[in-house]
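What's counted below: heavy atoms across the whole structure, side chains too, no hydrogens, waters or symmetry copies. As the structure lists them, so they are numbered: ligands from 1, and atoms in each ligand from 1. Because the structure is a prediction, the values reported are computed rather than measured.
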Amino acid sequence: MAVVGVSGRLAGCYCLRAVRSSLQVPAVQLHVSKTAMGACQKDFESAVNQVKLLKKDPGNEVKLKLYALYKQATEGPCNTPKPGLFDLINKAKWDAWNALGNLPKETARQNYVDLVSGLRSSSDSSSQVKPEADKKQAGYETLVITSEDHITKIMLNRPAKKNALTTQMYREIMLALEAASKDDSTITVFTGNGDYYSSGNDLTNFTDIPPGGIEEKAKNSAILLRDFVGCFIDFPKPLVAVVNGPAVGISVTILGLFDLVYASDRATFHTPFSHLGQTPEGCSSYTFPKIMGPAKAVEMLIFGKKLTAGEACAQGLVTEVFPDSTFQKEVWTRLKAYSELPQNAMHISKQIIRNHEKEKLHAVNAEESSILQERWLSDECMNAVMDFLSRKAKL
Ligand SMILES: CCCC/C=C/CC(=O)SCCNC(=O)CCNC(=O)[C@H](O)C(C)(C)COP(=O)(O)OP(=O)(O)OC[C@H]1O[C@@H](n2cnc3c(N)ncnc32)[C@H](O)[C@@H]1OP(=O)(O)O
């Protein structure tokens with residue numbers, strides 16, 4: 001939010017979603033100017049339509065090519081003023097179009113048709129069902145949820161993005177927790193697909209601005225955060241984190257609300273809040289000092305010290321560390337045995353252990369969320385997020 005929040009001026013940051021919506025317009029535009037009429041006009045119009053039907057997002061680079069070719073095919077060489085330095089998306093679009101120089105309209109049209117045809121065949125072949133997809137419980141796009149041996153496993157499933165948490169993911173996790181609280185499993189496990197457990201909040205979340213502007217975005221995000229963390233505070237069954245790799249931000253802080261945290265020795269625990277102009281969430285401002293003492297909590301939460309799995313275990317945040325080579329086998333053998341323990345006894349014990357704290361945790365959660373609502377509107381936060389997004393931009 002703050003990213004775009006500097007004003008609409010920065011609305012064109014390199015966020016995928018923003019780029020997508022920005023670039024879609026010309027690519028799917030049905031109107032083709034008269035000057036683009038020619039031998040392959042029909043193919044061109046058909047290709048323009050087919051772009052809408054692609055099953056897979058072709059990525060920013062390809063979308064820019066499509067944009068540039070479309071403009072060249074329909075309007076000829078770029079003749080509009082160069083957008084300002086901070087108008088990043090429009091500048092990227094202008095650069096792509098301008099780079100086509102005096103390419104004839106007919107050639108641009110043909111290149112557009114060829115590009116779309118290539119995209120269609122790769123999109124069709126990649127849409128074959130992958131074995132993993134079979135396991136997915138219906139209704140979840142960002143998680144893989146399985147239930148066996150009395151264990152419900154919620155796996156974050158955006159490995160290419162290090163399981164960064166999108167708005168959709170927060171919502172799906174809340175739904176999954178709600179369902180797991182009612183199913184017949186005895187314990188619920190969180191883990192990540194791929195080499196990361198999770199890289200925390202998806203920083204592109206900050207760029208999807210609603211009509212009400214950045215203040216509304218900050219408000220909505222604070223509500224989402226409060227509700228999300230609230231689900232962990234209230235979760236009635238033993239909750240286990242199987243931390244398969246590095247964990248960042250909110251994926252670390254909420255570990256203080258888990259009942260067991262098993263970590264691979266490859267895992268690290270990092271909360272770079274100050275670096276991002278942000279402040280602790282997930283009730284960590286309360287749970288971390290309780291778990292590891294104020295001095296160690298400060299090192300993590302204020303100074304962003306990254307802990308190894310061994311260090312996190314020594315501080316009490318992690319229950320046990322396993323060698324990565326045997327991590328999955330050892331952990332799941334252990335969890336299967338635990339899941340056969342009498343269900344009611346386990347659940348009642350969890351209530352006894354956790355209930356004293358619930359009210360306090362909800363109050364802390366509300367306070368942290370409201371402080372972050374302000375932080376997200378700050379220059380410090382805006383600059384840090386912009387910095388990340390610019391570094392990662394491929395345009
Ligand atoms: C509404 C509730 C809000 C709750 C607020 C919570 C606060 C937090 O969680 S703060 C923590 C936020 N997270 C970060 O600051 C981590 C940012 N990411 C990184 O520093 C690095 O990506 C990494 C150290 C995690 C991994 O670095 P590595 O070089 O190994 O891989 P990359 O090439 O950087 O990543 C691959 C791919 O994934 C994208 N990505 C990774 N993490 C995030 C993220 N948090 N947000 C958005 N995108 C992320 C990265 O851009 C790459 O994408 P491309 O392949 O498209 O370039």
At a non-hydrogen distance cut-off of under 4.0 Å, which region of Phe206 contacts ligand 1 (side chain, backbone, both, or neither)? neither
Give the numbers and elements of all ligand 1 atoms closer than 4.0 Å to a heavy atom of Leu276. 10 (S), 11 (C), 12 (C), 15 (O)
Per-atom filter on ligand 1: closer than 4.0 angstrom to a heavy atom of Trp376 are 3 (C)
With a cut-off of 4.0 Å, which atoms of ligand 1 are near a heavy atom of Tyr196? 23 (C), 24 (C), 25 (C), 26 (C)
Salt bridge between Glu380 and Arg375, side-chain N to carboxylate O under 4.0 Å? yes
Run the contact test for Tyr170 against ligand 1 with a 4.0 Å cut-off on heavy atoms, strictly below, and give the result. yes
For Asp265, enumerate each residue passing the salt bridge (charged side-chain N to carboxylate O under 4.0 Å, His left out) test, keeping only those at least two apart in sequence or located in another chain. none
So, Asn163 versus Ser198: side-chain donor-acceptor pair below 3.5 Å or not? no
Output the list of atoms in ligand 1 that are nearer than 4.0 Å to some heavy atom of Ala160, sorted by atom number. 36 (C), 37 (C), 38 (O)
What atoms in ligand 1 come closer than 4.0 Å to a heavy atom of Gln278? 7 (C)
If the contact criterion is a heavy-atom separation under 4.0 Å, does Gly282 count as touching ligand 1? no
Does a side-chain N-to-carboxylate-O contact under 4.0 Å join Asp202 and Lys161? no
Presence of salt bridge, Lys219 and Glu215, under 4.0 angstrom: no
Considering residues, nucleotides and ligands other than Glu367, do more than 12 of their heavy atoms fall under 6.0 Å from its CD? no
If hydrogens are left out, which of Gly200, Ser251, Ser199 has an atom nearest to atom 13 (N) of ligand 1, that is, the closest non-hydrogen atom? Ser199
